[in-house]
Amino acid sequence: MSVVDVERPAPPPVRTAPPAQRGVVAIGIAIAVVLGLAVANAAGWKMTVLYGVGLALGLVLFHSRFGFTSAWRQLITVGQGRAIRAHMLMLGVAAVLFAGILGSGYSLSGTPEPQLQTAGLGVVFGAFLFGVGMQVGGSCASGTLFAVGSGQTAIIFTLGGFIVGSVFTAFISPFIKSVQSIGPKVSLAETPLGYAGGVLITLVIIGVVVGVSLLVERRRTPPPIDQPPIAKGVLRALRGSWPLWVGAVLLAALNAVTLFVSGSSWGITSAFGLWGAKILGWIGVDVSGAPFWQDPENAAKITASVLTDRISVMDFGIMAGALIAAALAGAFTLHRKIPWRMAVGAVLGGILMGIGARFAGGCNIGAYFSGVASFSLHGWLWGVMAIVGTYAGVALRPLFGLGNPKPSDAVC
């Protein structure tokens with residue numbers, strides 16, 4: 001009985017990165033320094049440290065091209081699971097680090113709080129919407145920030161849609177809360193072994209996901225992932241691109257640093273509603289009467305400087321970090337001509353993600369990444385429903401002039 005080897009596509013050729021764009025690098029560093037000084041003046045050293053973490057996140061996200069949107073799209077269209085396995089490495093490392101911090105009960109900002117949310121109807125509906133939106137809009141929450149920072153002008157439409165969707169949810173906040181209340185809060189760390197038990201359960205789930213991805217990949221023989229240009233030698237550390245596993249480990253470590261410094265894990269999208277409210281206020285439209293902004297804690301944010309908001313400060317850092325990273329890699333490019341169908345899809349996708357994130361209690365970072373790392377069952381449920389939404393989003397992409405990977409492609 002003979003064994004027939006399945007012929008797999010050849011790996012893509014390695015391309016050399018173009019020269020660094022020194023002028024843009026200088027501008028990026030200047031922006032980063034000015035923002036850092038402004039944050040330090042407005043909110044003190046701790047917020048400045050978190051801004052620095054945001055800068056590092058932007059560098060890592062760009063250099064490793066660590067994506068969520070493309071990872072799910074590649075898996076369901078052609079069975080390419082390499083990026084999903086990078087997700088699992090990130091989640092596994094983060095869970096171990098989070099267990100140590102949460103178990104110790106200590107952070108620089110008091111008792112650290114896990115990202116524990118209800119695993120119910122809000123997550124099911126919200127994560128599905130988010131999954132559709134990120135495929136139509138072309139990026140997820142973290143992808144939107146580092147794409148905008150690296151000059152991908154089309155994604156500005158996605159960010160605009162994100163803000164519009166987030167502003168809208170402030171007016172239906174009571175309804176969102178009622179939907180979110182349907183379902184239980186389940187922590188995988190609530191075991192006789194405590195957080196050690198939570199880590200074991202999380203690693204078992206990760207092992208199952210990795211195994212399934214390998215099985216799917218073996219059956220479907222997908223094309224390899226396209227590799228971005230790289231620099232050689234020690235320059236690779238500054239100019240990218242980095243292996244996915246490096247990005248996974250560093251993102252997990254930086255999320256743990258965020259938890260240790262602030263007492264809360266990494267999030268992104270809650271800032272977008274604040275930005276929208278601020279922008280509308282500047283042009284004379286007062287949205288402070290919306291139910292969400294009637295809460296005293298939320299109302300205080302509208303009157304305070306945006307540089308005192310933790311999520312906003314880290315978001316600004318991500319965009320500035322990505323700008324510097326893209327310029328170092330010679331990849332900063334402003335897209336001047338954007339097809340109208342792509343622009344419409346970007347806005348609609350952003351709106352869906354803005355609404356979905358609020359129903360689900362977070363995005364691919366705040367709910368999925370930080371939720372799983374915090375041993376909250378809702379994080380895994382978010383991931384499952386985002387994949388379901390990805391199926392619908394992939395089917396809609398051609399309507400907006402967007403392509404999908406095919407088995408016959410040389411790379412995906």
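- The environment of Phe168 atom CZ is sparse: at most 12 non-hydrogen atoms of other residues, nucleotides or ligands sit within 6.0 angstrom.
- Closest approach of Val78 to Pro222, counting heavy atoms only: O-CB, 3.0 Å.
- Of the residues listed (Leu352, Ile355, Thr269), the one engaging Phe162 in a side chain to side chain contact (heavy atoms under 4.5 Å, CB included) is Thr269, and it is the only one.
- Taking a 6.0 Å sphere around NZ of Lys46, one finds it holds more than 12 heavy atoms contributed by other residues, nucleotides or ligands.
- Side-chain contact between Leu307 and Met47: absent, with no pair of heavy atoms (C-beta onward) separated by less than 4.5 Å.
- Going from atom CZ of Phe332 over to atom CZ of Phe62 covers 10.5 Å, rounded to the nearest 0.5 Å.
- Distance alone, capped at 3.5 Å, is enough to place a donor-acceptor pair between the Ser181 side chain and the Ser178 backbone.
- Across Cys140 and Thr69, no two heavy atoms sit closer than the pair N-OG1, 2.9 Å.
- In this structure, CE in Met353 is found 12.5 Å from CZ in Arg358, a value given to the nearest 0.5 Å.
- Between Ile311 and Trp266 the shortest side-chain heavy-atom distance does not fall below 4.5 Å.
- When each of Phe66, Phe369, Trp380 is checked for a ring pair (Phe, Tyr, Trp, His ring centres under 6.0 Å) with His87, only Phe66 meets the rule.
- Leu323 pairs with exactly one of Ile31, Ile318, Ile29 by the side chain to side chain contact (heavy atoms under 4.5 Å, CB included) rule, that one being Ile31.
- Ring geometry, Trp382 versus Trp72: the interplanar angle falls from 30° to 60°, so the pair is classed tilted.
- Without hydrogens or angle criteria, Thr158 side chain to Gly137 main chain gives a donor-acceptor distance under 3.5 Å.
- If you take OG on Ser187 and CG on Leu102, they are separated by 9.0 Å, rounding to the nearest 0.5 Å.
- Contact of the Leu116 side chain with the Phe375 side chain is not registered, since no non-hydrogen atoms from C-beta on lie closer than 4.5 Å.
- Contact record, Gly273 with Val167: O-CG2, 4.2 Å, taken as the closest heavy-atom pair.
- Taking every heavy atom of both residues into account, Asp309 and Ala271 meet most closely at OD2-CB, 4.0 Å.
- Residues Gly105 and Pro112 share a closest heavy-atom pair of C-CD, 3.4 Å.
- Considering only heavy atoms from C-beta on, Thr118 stays 4.5 Å or farther from His378 through its side chain.
- In terms of modelled atom types and a separation under 3.5 Å, the side chain of Gln117 and the main chain of Ala360 share no donor-acceptor contact.
- Under the 3.5 Å distance criterion, the side-chain polar atoms of Gln180 are left unmatched by any main-chain donor or acceptor of Gly122.
- Distance check, rounded to the nearest 0.5 Å: CG of Leu244 to OG of Ser241 gives 9.0 Å.
- No more than 12 heavy-atom neighbours from other residues, nucleotides or ligands sit within 6.0 angstrom of CZ on Phe175.
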Passes side-chain contact (heavy atoms from CB on, under 4.5 Å), Trp242 versus Val60? Steps please. CA-CA 8 Å; Trp242 301 343; Val60 173; 3.9 Å; yes
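- Here the CG atom belonging to Leu250 is positioned 12.0 Å from the CE atom belonging to Met90, to the nearest 0.5 angstrom.
- Using a 4.5 Å cut-off on side-chain heavy atoms (C-beta onward), Ser107 and Val261 make no contact.
- Using a 4.5 Å cut-off on side-chain heavy atoms (C-beta onward), Tyr368 and Cys363 make no contact.
- To the nearest 0.5 Å, the span separating CZ on Arg310 from OG on Ser264 amounts to 4.5 Å.
- Residues Met134 and Thr390 meet the side-chain proximity criterion, which asks for heavy atoms closer than 4.5 Å.
- For Ser374 (side chain) and Pro114 (main-chain N/O), no donor-acceptor pair under 3.5 Å exists by modelled atom type.
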When you look at Ile225 and Gln74, which way does the side-chain contact (heavy atoms from CB on, under 4.5 Å) test go after all the steps? CA-CA 9 Å; Ile225 298 175; Gln74 289 165 358; 3.7 Å; yes
Is there a side-chain contact (heavy atoms from CB on, under 4.5 Å) between Leu145 and Ser142? Walk through the geometry before answering. CA-CA 5 Å; Leu145 292 180; Ser142 54; 6.0 Å; no
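- The heavy-atom pair separating Ala290 from Ala170 by the smallest distance is CB-O, 3.6 Å.
- Looking at Ser139 and Thr144, their side chains do bring a donor and an acceptor atom within 3.5 Å of each other.
- Side-chain contact annotation: Arg85 with Ser213, donor-acceptor N/O pair under 3.5 Å present.
- When side chains are defined from C-beta on, Val306 counts as touching Phe316, because their heavy atoms get closer than 4.5 Å.
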